[in-house]
Chemist: 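Would you mind keeping the following structure in view while I ask a few things?
Note that ligands are numbered from 1 as they come in the structure, with each ligand's atoms numbered from 1 the same way. All figures in this text were calculated on a predicted structure; none of them were measured in a lab.
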Amino acid sequence: MTKRALITGLTGQDGSYLAELLLSKDYEVYGLRRRSSSFNTGRIDHLLNDFRHDKNAKLFLEYGDLADASSLARLLYRLHPDEIYNLGAQSHVHVSFEMPEYTGDVTGLGSVRILEAVRESGVRATIYQASSSEMFGSEPPPQNENTPFHPRSPYGCAKVYAHHIAVNYRESYGMHVSNGILFNHESPRRGENFVTRKITQAIARIHCGLQKKLYLGNLDAKRDWGYAPEYVEAMWMMLQQDTPDDYVIATGETHSVREFVIEAFAHAGLDWEKHVEIDPVYYRPAEVDNLRGDASKARVKLGWTPKVGFDELVRIMVDADIESLEERLRRGEEYIKSS
Ligand code: NAP
Ligand code: GDD
């Protein structure tokens, strides 16, 4: 029988790759869409176009919001999904310092609203909660499922709450809820204000003569960067297990922001030191200095291993941004902006 999945955060980076994965497995996919004054479906338009005139459509968008419990409950009663992936969040760490309450509401309480809607409706779905390596904060690497949490941002605090409440619903009500503690994962669909994409988009503009300078914050922070399409496979694998559990998903390698900059500029044949300037506006009140995950448990129990390494990830992102900008310039869509 066709399986039905509900994804919150469908319009984000991970939601779009997860939708592709589930559709390729013949799922019926329902995604939460926030009301917005402008279109927010750019990452899934290619999927919607495929299905727009197809009476066998398998991808559906539903208005709702993680801050609005009644919209979630209504969806659960109506859809009865087999699997729920809670990826929706105010996911930007720096922004969370400016909007701590909103971040706590959506990223933290949003998860309990989903769990309550499942409990109330009696839907027997398996549930994925998007936990984060940001929860480890200042704990030294390598971080694994037994590493204590020491969040360093309102976003990290909200994710710790969401993580613990997921475990609590598992223990209290026997619900099949799994936490994926994912380390940073990137792609050409990465949000434009996360550091990797900010760098690769700037490189494309510099390459095309549209920009001269790129302003960044802390170049010394280290992250364990993987490739997003591989990480959504791990999410799906977690929900196919007989018992729910928590898993770290990571590459096991760490690189500084500076290394990403050097590698990315070099790949485009540019001298980074001519273009990169530091602007303290991008420093955070508290920083997570060094993330490197140990994903042994996922390797053994799920059979999940990452394939795309750091250099390849950088190349994929730089090439995609240059190609996409050149294409837009050819079509006359881009207008000249100086930095
Ligand atoms: P993203 O690109 O920022 O996408 C976030 C999604 O959440 C978007 O679809 C967004 O909708 C939606 N959203 C925001 N506020 C919402 C609200 N109030 N109600 C419903 N939906 C809302 O994030 P991502 O990189 O795909 O990450 C997916 C999840 O994994 C997030 O929970 C993130 O915190 C977590 N995570 C990410 C990483 C990573 O490295 N990418 C690592 C660990 C954990 P709009 O499109 O309308 O903005
Ligand atoms: N965004 C941004 N912009 N970060 C910068 C900049 C800049 O101009 N300059 C330096 N950085 C540094 C940040 O200080 C941080 O140490 C590092 O680059 C990575 O920042 P982000 O790309 O914004 O990601 P993040 O690690 O804070 O958070 C991401 O990963 C988490 C998992 O660890 C997000 O995707 C979170 O949602 C996710 O949970």
Side-chain angles (χ1 to χ4, degrees), residues 7-19 31-36 38-44 63-68 71-72 85-96 102-103 105-107 109-111 113-114 128-137 143 151-153 155-156 158-159 162-163 179-187 189-199 202 214-228 231-232 235 248-250 256-258 260-261 276-291 293:
I7 305 176
T8 74
L10 174 80
T11 53
Q13 171 188 254
D14 290 5
S16 67
Y17 286 119
L18 180 63
L32 203 66
R33 143 200 254 184
R34 287 201 288 173
R35 196 272 155 182
S36 157
S38 53
F39 291 116
N40 58 359
T41 56
R43 294 185 179 98
I44 51 166
Y63 279 106
D65 199 298
L66 285 165
D68 179 23
S71 67
L72 302 175
Y85 296 86
N86 185 30
L87 311 184
Q90 189 304 91
S91 72
H92 201 279
V93 173
H94 201 178
V95 171
S96 78
Y102 175 78
T103 304
D105 189 15
V106 171
T107 306
L109 290 178
S111 65
R113 292 190 185 104
I114 290 279
Y128 174 86
Q129 170 57 32
S131 281
S132 164
S133 52
E134 185 70 17
M135 301 187 304
F136 297 123
Q143 295 95 1
R152 299 266 289 163
S153 63
Y155 167 83
K159 282 291 185 189
H163 181 96
N179 285 300
I181 309 174
L182 271 52
F183 283 60
N184 298 49
H185 45 281
E186 320 293 311
S187 74
R189 295 186 201 164
R190 182 54 142 154
E192 295 169 7
N193 56 358
F194 296 94
V195 77
T196 55
R197 188 75 198 292
K198 182 173 166 182
I199 294 165
L214 165 62
Y215 294 93
L216 293 172
N218 179 10
L219 299 186
D220 295 320
K222 291 181 160 178
R223 291 292 181 272
D224 178 331
W225 279 297
Y227 185 44
Y231 283 48
V232 301
M235 298 175 185
V248 159
I249 300 296
S256 66
V257 174
R258 181 179 283 97
F260 193 103
V261 167
V276 175
E277 305 261 345
I278 301 301
D279 186 338
V281 81
Y282 297 112
Y283 290 151
R284 297 167 181 189
E287 179 63 280
V288 170
D289 294 318
N290 195 356
L291 292 175

Chemist: Quick one: does Ala67 get an N or O within less than 3.5 Å of an N or O on ligand 1?
Modeler: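 No; every N/O pair is 3.5 Å or more apart.
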Chemist: Tell me whether Leu66 has any N or O atom under 3.5 angstrom from an N or O of ligand 1.
Modeler: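 So ligand 1 has an N or O lying under 3.5 Å from an N or O of Leu66.
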Chemist: At a 4.0 Å cut-off, with the gap strictly under it, does some heavy atom of Ser131 reach an atom of ligand 1?
Modeler: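 Heavy atoms of Ser131 do come under 4.0 Å of ligand 1.
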Chemist: Would you call Lys198-Glu186 a salt bridge at under 4.0 Å N-O?
Modeler: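 Answer for the salt bridge query: no.
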Chemist: In chain order, what residues pass the side-chain hydrogen bond (donor to acceptor under 3.5 Å, both in side chains) check against Ser91, with sequence neighbours excluded?
Modeler: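 By the side-chain hydrogen bond (donor to acceptor under 3.5 Å, both in side chains) rule, Ser91 matches no residue at all.
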Chemist: Return a yes/no value for Ser91: is any of its N or O atoms, backbone included, closer than 3.5 angstrom to an N or O of ligand 1?
Modeler: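 There is such a contact, yes.
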Chemist: Identify, by atom number and element, the atoms of ligand 1 in contact range of Tyr102, meaning under 4.0 Å from any of its heavy atoms.
Modeler: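 Here the atoms of ligand 1 in question are 18 (N).
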Chemist: Can you name the atoms of ligand 1, numbered from 1 with element, that are less than 4.0 Å from a heavy atom of Ser132?
Modeler: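 Counting from 1, the qualifying ligand atoms are 43 (C), 44 (C).
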Chemist: Does His92 have a non-hydrogen atom less than 4.0 Å from ligand 1?
Modeler: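 It does not, in that no heavy atom of His92 comes within the 4.0 Å cut-off of ligand 1.
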Chemist: Is it true that Arg190 lies under 4.0 Å from ligand 2, counting heavy atoms only?
Modeler: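 Yes, that is the case, since the closest heavy atom of the residue is under 4.0 Å from the ligand.
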Chemist: Indicate, as side chain, backbone, both or neither, the part of Asn193 found under 4.0 angstrom from ligand 2 when only non-hydrogen atoms are considered.
Modeler: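 For Asn193, the contact with ligand 2 is made by the backbone alone.
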Chemist: Does Lys159 reach ligand 1, in the sense of a heavy atom lying below 4.0 Å from it?
Modeler: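 Contact check Lys159 vs ligand 1: positive.
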Chemist: May I ask which of Leu18, Val93, Asp65, Asp14 has a heavy atom nearer to atom 18 (N) of ligand 1 than the others do?
Modeler: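 Of the listed residues, Asp65 has the closest heavy atom.
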Chemist: Out of Leu10, Asn40, Asp68, Thr8, whose heavy atom sits nearest atom 47 (O) of ligand 1?
Modeler: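 Among Leu10, Asn40, Asp68, Thr8, the closest heavy atom to atom 47 (O) of ligand 1 comes from Asn40.
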Chemist: Would His94 count as a contact of ligand 2 if the rule is a heavy atom under 4.0 Å away?
Modeler: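 No heavy atom of His94 comes that close to ligand 2.
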Chemist: Taking all non-hydrogen atoms of both residues into account, name the closest pair between Glu134 and Gly156 and its distance.
Modeler: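 Here Glu134 and Gly156 meet closest at CG-CA, 4.0 Å.
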Chemist: With a 4.0 Å cut-off on heavy atoms, is Tyr155 in contact with ligand 1?
Modeler: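 The answer is yes, since Tyr155 has a heavy atom less than 4.0 Å from ligand 1.
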Chemist: Which is it for Arg34 and ligand 1 at heavy atoms under 4.0 Å: side chain, backbone, both or neither?
Modeler: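 Side chain only.
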Chemist: How does Phe39 reach ligand 1, by side chain, by backbone, by both or by neither, if only non-hydrogen atoms under 4.0 Å count?
Modeler: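 Looking at Phe39 and ligand 1, no heavy atom falls under 4.0 Å.
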Chemist: What I want to know is whether Leu32 and ligand 1 share at least one N or O pair that is separated by under 3.5 angstrom.
Modeler: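 No.
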Chemist: Using heavy atoms and a 4.0 Å limit, tell me yes or no: is Tyr128 in contact with ligand 1?
Modeler: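 Distance cut 4.0 Å: Tyr128 fails for ligand 1.
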Chemist: May I ask you to list the atoms of ligand 1 that are less than 4.0 angstrom from any heavy atom of Gly12?
Modeler: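 Listed by number with element, the hits are 2 (O), 4 (O), 8 (C), 9 (O), 26 (O).
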